[in-house]
There are 2 protein chains.
Amino acid sequence: MENSIAQVARNIVKGAPEPTLRRLPLYYRLLKQLRETGRTGVSCTLIGAELRLDATQVRKDIEMTGTVGRPKVGYDVNELICAIEKFLGWDNLTEAFLVGAGSLGEALMGYPGFSECGLSIVAAFDVDPNKCHRVIHGKHVRHISKMTGLMRRMRIRFGIITVPASEAQQAADLLIEGGVLAIWNFAPAKIQAPERVIVTNEDLYCSLAVLSQKMTRKLAESRSKGVA
Amino acid sequence: MENSIAQVARNIVKGAPEPTLRRLPLYYRLLKQLRETGRTGVSCTLIGAELRLDATQVRKDIEMTGTVGRPKVGYDVNELICAIEKFLGWDNLTEAFLVGAGSLGEALMGYPGFSECGLSIVAAFDVDPNKCHRVIHGKHVRHISKMTGLMRRMRIRFGIITVPASEAQQAADLLIEGGVLAIWNFAPAKIQAPERVIVTNEDLYCSLAVLSQKMTRKLAESRSKGVA
DNA sequence: TTCTAATAGAGAATTTATTCTCGATAAATA
DNA sequence: TATTTATCGAGAATAAATTCTCTATTAGAA
């Protein structure tokens with residue numbers, strides 16, 4: 001095998017394929033559960049069986065993180081957990097501001113386990129004065145007018161948008177003004193941002209579409225069987 | 001061209017590729033906006049430019065829905081909207097029960113536009129008696145013990161899980177007992193369900209992983225440039 | 001009316017992702 | 001100790017998704 005550290009560095013530089021990135025957290029969660037039970041080793045076969053994924057696929061994904069296993073034994077659980085953390089950047093704490101202190105914002109502020117992924121929502125902001133000056137899950141909600149200044153002062157580089165679609169662009173503009181590096185956008189709206197800013201959209205309608213079509217197919221299928 | 005109705009029927013039966021399904025709602029939203037402004041025609045080029053997607057890809061996606069366009073003109077906005085609705089099954093109303101009346105549940109109950117996608121959350125349920133007997137966004141919150149019976153009575157086939165991960169399986173079991181056909185799971189946990197039940201997981205950690213790695217890469221890049 | 005430019009649609013080519021195959025290795029067992 | 005079995009790792013084969021190329025068509029301009 002080739003120098004694996006260099007290989008992983010290269011993987012991080014050019015980036016893993018998105019499907020792989022989306023599966024890594026699933027492994028990560030399972031591995032933590034296994035560690036809880038005192039398990040120290042794990043094979044791709046086992047992970048695949050648990051998550052209903054092809055074992056080879058699991059192996060290829062793990063390969064991306066640079067973890068090496070041993071024939072007949074598999075991987076060291078701890079080592080693998082650390083490798084995934086490192087690969088995803090979950091080993092470094094990122095402080096985030098959240099824009100939009102509605103129920104969705106509140107839900108995210110109270111989301112368990114973000115800290116394990118190196119994410120810490122340190123404060124929330126809202127345009128509505130009635131929503132400000134509260135403390136939700138230990139975090140202060142302030143007026144949006146204070147955000148940009150605080151961002152610069154606290155060197156916050158990560159923003160989460162949980163405002164209605166109609167206000168998403170304004171929220172994004174403020175984050176950009178504050179020097180944001182990455183935006184996690186929960187509003188069902190496309191937002192414009194400079195090339196340098198990373199934007200990831202969490203669009204529920206996209207997921208719903210997948211589910212809706214599966215359901216439509218299933219219903220059509222059962223109907224045609226009923227007829228036949 | 002071949003009989004397009006038969007073609008679309010076949011597409012629905014075998015299902016569109018997931019990437020296509022996830023893009024269709026983006027087109028749908030844009031098209032509705034365009035219709036608002038009075039536009040009646042649209043080209044793949046325009047859609048692609050707006051959403052920063054390849055025009056050919058847009059064309060292929062649209063082809064799946066069976067909509068035909070005209071050279072030099074493009075597609076009829078209205079026709080395309082209807083075709084997407086039909087293709088995704090958004091033209092039929094689906095009534096859903098939601099389990100877990102916390103802030104995430106509340107956020108979904110108040111989510112705008114689900115009705116345009118044929119989804120209607122008709123009631124919510126929770127184990128916590130303190131959360132019950134409320135009305136959120138016009139929907140009643142009842143105790144979980146009532147759910148299974150009501151599901152059968154009301155013929156509810158769609159369930160949304162917004163409980164903590166530790167309770168997700170129990171929630172799913174109750175939905176299954178009530179005869180659920182599809183589950184939209186927002187808890188960061190894998191749930192076991194019979195083959196016949198469609199489960200879609202909305203796992204925030206999976207999206208976060210994509211964002212985290214992009215950010216890690218960007219930081220590594222800027223650091224190496226700073227050094228060089 | 002003729003020409004030009006924009007577009008859909010079909011199919012080929014390319015890229016990306018997944019799955020299969022096989023050899024090497026190490027633990028467990030006979 | 002020899003054999004068997006489970007596993008990793010590498011690479012080939014396959015499948016899926018995206019992008020490219022070309023042709024036909026049509027609206028609008030000359």
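Note on naming: letters A, B, ... go to the chains in the order of the sequence lines (proteins, then strands), and numbering restarts at 1 for each one. Predicted model, so just to flag it, every value in this text is computed and none were measured.
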Kindly compute the distance separating OH (B/Tyr27) from CG (B/Asp61), expressed to the nearest 0.5 Å. 3.5 Å
Under a 3.5 Å cutoff, is there a donor and acceptor pairing between the side chains of B/Trp184 and B/Glu202? yes
Separation of atom CD in A/Glu79 from atom P in D/dC8, rounded to whole Å: 13 Å
Does A/Tyr75 place a side-chain N or O at less than 4.0 Å from the phosphate oxygens OP1/OP2 of D/dA6? no
Return the value, rounded to whole Å, for the distance between atom CD of B/Gln57 and atom P of C/dA8. 15 Å
Separation of D/dA16 atom C1' from B/Leu21 atom CG, nearest Å, is 14 Å
Spacing between B/Ile62 atom CD1 and C/dT7 atom C1', to the nearest angstrom: 12 Å
Does the plane of the ring in A/Tyr205 sit parallel, tilted or perpendicular to the ring in B/Tyr111? Use 30° and 60° as the thresholds. tilted
Spacing between B/Asp54 atom CG and C/dT16 atom C1', to the nearest angstrom: 15 Å
Using OP1 and OP2 only, check whether a side-chain N or O of B/Ser43 sits under 4.0 Å from C/dT7. yes
Are B/Ile47 and B/Ile62 packed together at the side-chain level, in the sense that at least one heavy-atom pair is separated by less than 4.5 angstrom? yes
Under-3.5 Å donor-acceptor pair between A/Lys72 side chain and C/dT25 base: no
Taking for B/Arg70 and for A/Pro71 the nucleotide of DNA chain C with the nearest heavy atom, the one nearer the 5' end belongs to B/Arg70
Without decimals, in angstroms, what is the distance between A/Asp76 CG and D/dT7 P? 16 Å
What's the spacing between B/Arg157 CZ and A/Lys218 NZ if we round to 0.5 Å? 10.5 Å
Taking 4.0 Å as the cut-off, does a side-chain nitrogen or oxygen of A/Thr45 come that near to OP1 or OP2 on D/dT7? yes
Per A/Val73 side chain, nearest of listed nucleotides C/dT18, C/dA27, D/dA17: C/dA27
Return the value, rounded to whole Å, for the distance between atom CG of A/Asp61 and atom P of D/dG9. 13 Å
Whole angstroms only, please: what is the CG-P distance between A/Leu53 and C/dT19? 9 Å
Is it the case that the base of D/dG11 and the side chain of A/Lys60 share a donor-acceptor contact (distance under 3.5 Å, atom types as modelled)? yes
Any side-chain N or O of B/Arg23 less than 4.0 Å from the OP1 or OP2 oxygen of D/dT18? yes
